[in-house]
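The next block holds one structure in the form of structure tokens; read it before the comments.
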Amino acid sequence: MSDKIAYARHGDIAVLTVKNPPVNALSQAVRQGLWDGMNKAEADTGVRAVLIVGEGRAFFAGADIKEFGKPPLDPHLPDLIRRIEASPLIVVASMHGVSLGGGLEVALGCHYRIAVPSARVGLPEVHLGLIPGAGGTQRLPRLTGVDAALDVMTTGRPIGAAQAHDLGIIDVIKDGDPAENGLAYAQELLDAGAIRRAVSELPLPAAIDWDATFDATLARSKGQISPAWCVRAIEAAYAGDFEAGMKAERQIFFDLMQTDQRKGMIHAFFSERAVGNLPELKGVAPREVSRIGVIGGGTMGAGIATAALLAGLRVHLLEMSPEAGEVARGRIESNLSGALRRGKISADQHAAILGDALQVVTDYDALAEADLVIEAVFEDMAVKKVVFAELDRVCKPGAVLASNTSYLDINEIAATTSRPGDVLGLHFFSPAHVMKLLEVVVADATAPDVAATGFALGKALGKTSVRAGVCDGFIGNRILSTYRTCADHMILDGASPYQIDAALEAFGFAMGPFAVADLAGLDIGWAVRKRKRTEGLDPRARDAAYADKLCEDGHFGQKTGKGYYDYAAGPKARVPNPDVMPLIEAERAAQGITPRDFDDEEIVRRYMASMVNEAAKVVGEGIARRPLDVDMTLLFGYGFPRYRGGPLKWADIVGLESLLSDIKGYAEADPYFWAPAPLLEKLVAEGRTFDDLNKEG
Ligand code: T1G
């Protein structure tokens with residue numbers, strides 16, 4: 001038997017213990033081990049029941065995702081589960097930790113299920129662009145009814161043991177050791193003369209309106225297709241017998257396995273886990289952080305303080321005056337009550353945080369004992385330098401000094417202190433206590449343990465942290481500035497902001513670039529344009545000033561009620577602001593441009609090509625270590641559709657050669673903006689992909 005499954009005999013009960021750390025993924029060796037274990041138990045004289053239990057922190061985390069995309073190996077999971085269910089012996093599953101995907105499907109193939117109260121079960125396959133592929137769509141509805149089963153499958157959200165018990169998925173909840181519980185329960189069943197009970201033999205629950213549910217699920221999934229196909233798979237159960245349903249489920253599963261969405265979502269799954277693991281930080285211990293300081297109580301400072309408080313850290317927030325301090329405390333308290341409302345924290349936690357975890361101060365000396373300080377003051381280099389000089393004066397040796405700047409030169413800020421090795425950038429995204437992305441900006445002098453401390457803090461705050469080098473805009477804002485400029489160029493040449501937003505929302509972005517600009521505030525883009533013009537624009541760069549006029553008229557977007565859109569009827573009922581197109585037409589006339597038509601496909605192609613091209617420059621220059629760093633930045637900070645994996649995964653799927661030829665085509669009209677990234681040209685010349693670079697780590 002494989003070494004992944006241990007076989008033990010306890011009286012009349014054979015125990016199969018799964019040993020495949022860290023999460024008991026159902027790899028080929030585990031499946032073979034279970035198959036052989038069942039054979040052994042049935043051949044073991046006197047055995048009347050089998051207990052399946054997991055060692056370590058989970059029952060099963062599902063099929064082994066690392067095996068996807070490779071030729072499937074025997075025994076296939078559906079066959080193994082059929083074999084378990086068909087056994088003449090009683091088979092009991094004892095669940096703890098998570099039982100997800102194929103893991104729950106194995107449990108559903110068992111005749112009885114016991115679980116500890118903290119257990120969680122789910123079918124998260126949709127998060128991988130798939131549907132349950134080992135009987136989950138056929139067995140779960142027979143236990144829970146169609147609606148509950150669909151909710152579990154289409155949301156992919158795990159449910160707790162209590163809810164699973166109420167739904168009939170779990171028979172018994174008992175605290176204690178899963179193996180002992182399972183043995184006692186199996187013995188009870190034997191003593192009670194319990195019989196084999198196959199879920200597949202249970203009657204089907206009432207059917208639903210499949211077409212309406214399919215359409216509604218598709219509409220709700222913002223372009224992702226797998227949730228809706230869960231509906232079709234369950235529907236297939238009603239078209240014939242159990243095996244017919246299984247066959248249909250398998251076909252849908254394999255069809256989805258071939259899709260780009262599956263490739264994108266599995267790339268996102270592993271990249272999300274790899275992005276925080278930097279080879280150069282392997283074995284580097286972070287510095288201890290339990291007390292942090294935050295400088296500035298504006299929207300960002302208050303958000304950062306809130307994130308730290310929610311993570312159980314003690315916070316000293318410094319403001320220039322007691323009045324400003326009270327305003328900052330008000331912002332934090334409203335963030336915290338929002339977290340309470342959303343169930344992120346309990347009432348007790350809320351009270352504890354507001355107890356003494358937050359101190360609002362006006363004197364830098366109060367930060368003397370802080371382990372880490374994050375500055376979130378006005379984006380002006382002179383102001384930053386004053387703040388860091390003060391921090392250098394008051395902070396204890398070994399304190400980490402961080403700036404939340406979104407584009408200023410961290411090297412220059414660090415150089416104003418006597419301890420540049422203790423300085424780095426921690427770039428949060430607004431609202432900082434909600435947005436998952438954190439750019440950990442590692443400056444030239446930043447010490448490895450300081451960088452490691454940035455990542456450790458990110459993990460403690462529940463962030464997806466990405467390492468970024470120092471340049472204007474780091475990874476995210478630099479790439480944003482490029483694809484936004486590309487959008488402005490298309491506007492000058494004939495497209496409308498509304499057509500561009502619609503095309504990119506259809507592509508899968510949560511919001512198009514102009515709706516995002518209105519949400520963030522048009523004054524931010526205005527300030528950036530003014531700064532870049534002051535610093536001196538390259539004469540070859542095309543400039544678009546129509547948006548400046550909008551700002552000069554006081555239209556900053558949602559916060560002023562008007563921007564590209566008019567929000568009189570509310571954000572969800574936005575309508576185009578009629579003042580915008582005349583401004584654009586006037587700009588075109590002033591620049592002597594004859595507008596032309598754009599179709600949605602060209603808009604998306606150009607927008608994505610500019611994003612990929614700039615991203616390739618960011619990776620080529622080492623600002624981002626790996627292409628997956630860029631993908632995770634755009635996914636967690638810029639609303640890039642997860643099912644496309646990120647811009648560089650998308651580029652690999654679309655094909656780098658065709659993208660490069662597009663870029664070279666666009667460069668004929670504008671060689672300055674569309675200068676191809678050397679890394680892109682290199683990969684195409686070598687017939688390689690961005691994923692090849694990810695694999696090189
Ligand atoms: N296969 C392979 N590796 C897995 C894995 C899996 N299913 N789940 C986790 N890992 C690895 C992960 O990459 C990481 O590796 C380590 O385990 C720890 O994970 C037929 C087809 C279980 C809740 O979608 O949601 O069954 O980075 O860092 O935060 O219907 O992992 O250390 O090298 O995430 O404590 C369905 C996916 C599969 C569950 C634990 N199952 N996993 O979270 O640790 S499809 C899933 C998770 C399926 C059948 C279909 C989480 C977790 P490394 P981690 P964690």
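All values derive from a computational prediction rather than experimental measurement.
- A cation-pi contact, defined as under 6.0 Å to the ring centre and within 45° of the axis, links Arg531 to Tyr407.
- To the nearest 0.5 Å, the span separating CD on Gln359 from CG on Leu317 amounts to 11.0 Å.
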Criterion side-chain contact (heavy atoms from CB on, under 4.5 Å) on Val442 and Leu424, from CA distance to verdict:
CA-CA 5 Å; Val442 180; Leu424 82 172; 5.6 Å; no
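- Between Phe429 and Tyr638, the ring centre distance stays below 6.0 Å.
- Under the 4.0 Å criterion applied to side-chain N and carboxylate O atoms, Glu535 and Lys530 are not assigned as salt-bridge partners.
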Verify salt bridge (Lys or Arg N to Asp or Glu O under 4.0 Å) between Glu696 and Arg626, making sure each step is shown before the conclusion.
CA-CA 9 Å; Glu696 288 158 19; Arg626 304 153 295 188; over 6 Å; no
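- For an aromatic pair to be called close, the ring centres must be under 6.0 Å apart, and His489 with Phe673 satisfies this.
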I'd like to know whether Arg625 forms a salt bridge (Lys or Arg N to Asp or Glu O under 4.0 Å) with Glu280, so could you lay out the CA-CA distance, the side-chain angles of the two residues, the decisive distance to 0.1 Å, and finally the verdict.
CA-CA 11 Å; Arg625 269 273 179 282; Glu280 70 263 31; 2.9 Å; yes
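- In this structure, a donor-acceptor pair under 3.5 Å is absent between the side chains of Glu272 and Thr464.
- The OH atom of Tyr483 sits 9.5 Å away from the CE atom of Met608 when rounded to the nearest 0.5 Å.
- Between Lys649 and the options Asp631, Asp691, Thr689, a side chain to side chain donor-acceptor pair (under 3.5 Å) holds for only Asp691.
- To the nearest 0.5 Å, atom CG of residue Asp523 and atom CG of residue Leu550 are 12.0 Å apart.
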Working note: Glu390 + Cys395, criterion side-chain contact (heavy atoms from CB on, under 4.5 Å); need CA distance, chi angles, decisive distance, verdict.
CA-CA 8 Å; Glu390 276 296 276; Cys395 289; over 6 Å; no
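- For the atom pair Arg606 CZ and Ile500 CD1, the distance stands at 10.5 Å (nearest 0.5 Å).
- Classification of Asp380 and Lys384 as a salt-bridged pair fails, no side-chain N sitting under 4.0 Å from a carboxylate O.
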Begin from the C-alpha positions of Val294 and Leu318 and carry the test side-chain contact (heavy atoms from CB on, under 4.5 Å) through to its verdict.
CA-CA 6 Å; Val294 176; Leu318 183 129; over 6 Å; no
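- Taking the six-membered ring where tryptophan is involved, the planes of Phe556 and Trp526 are tilted, since the angle between them lies from 30° to 60°.
- A salt bridge is defined here as a Lys NZ or Arg NE, NH1 or NH2 lying under 4.0 Å from an Asp or Glu carboxylate O, and Asp488 with Arg529 fails to meet this definition.
- Atom CG of Asp652 and atom CG of Asp692 lie 7.5 Å apart (nearest 0.5 Å).
- To the nearest 0.5 Å, atoms NZ (Lys682) and CG (Leu693) are separated by 7.5 Å.
- For the pair Arg574 and Tyr565, the distance from NZ or CZ to the six-membered ring centre is under 6.0 Å and the angle to the ring normal is within 45 degrees.
- For the side chain to side chain contact (heavy atoms under 4.5 Å, CB included) test with Phe474, the passing option among Thr405, Val466, Val618, Ile479 is Thr405; the others fail.
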Do Arg314 and Glu369 pass the salt bridge (Lys or Arg N to Asp or Glu O under 4.0 Å) test, and can you show the C-alpha distance, the side-chain angles, and the key distance before you say yes or no?
CA-CA 11 Å; Arg314 304 179 64 73; Glu369 289 314 309; over 6 Å; no
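- Taking the centre and axis of the six-membered ring of Phe509, the NZ or CZ atom of Arg644 falls outside the cone set by 45° and 6.0 Å.
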For Asp365 and Arg393, run side-chain contact (heavy atoms from CB on, under 4.5 Å): C-alpha distance rounded to whole Å, both residues' side-chain angles, the deciding distance at 0.1 Å, then the answer.
CA-CA 9 Å; Asp365 293 325; Arg393 177 180 66 79; 3.4 Å; yes
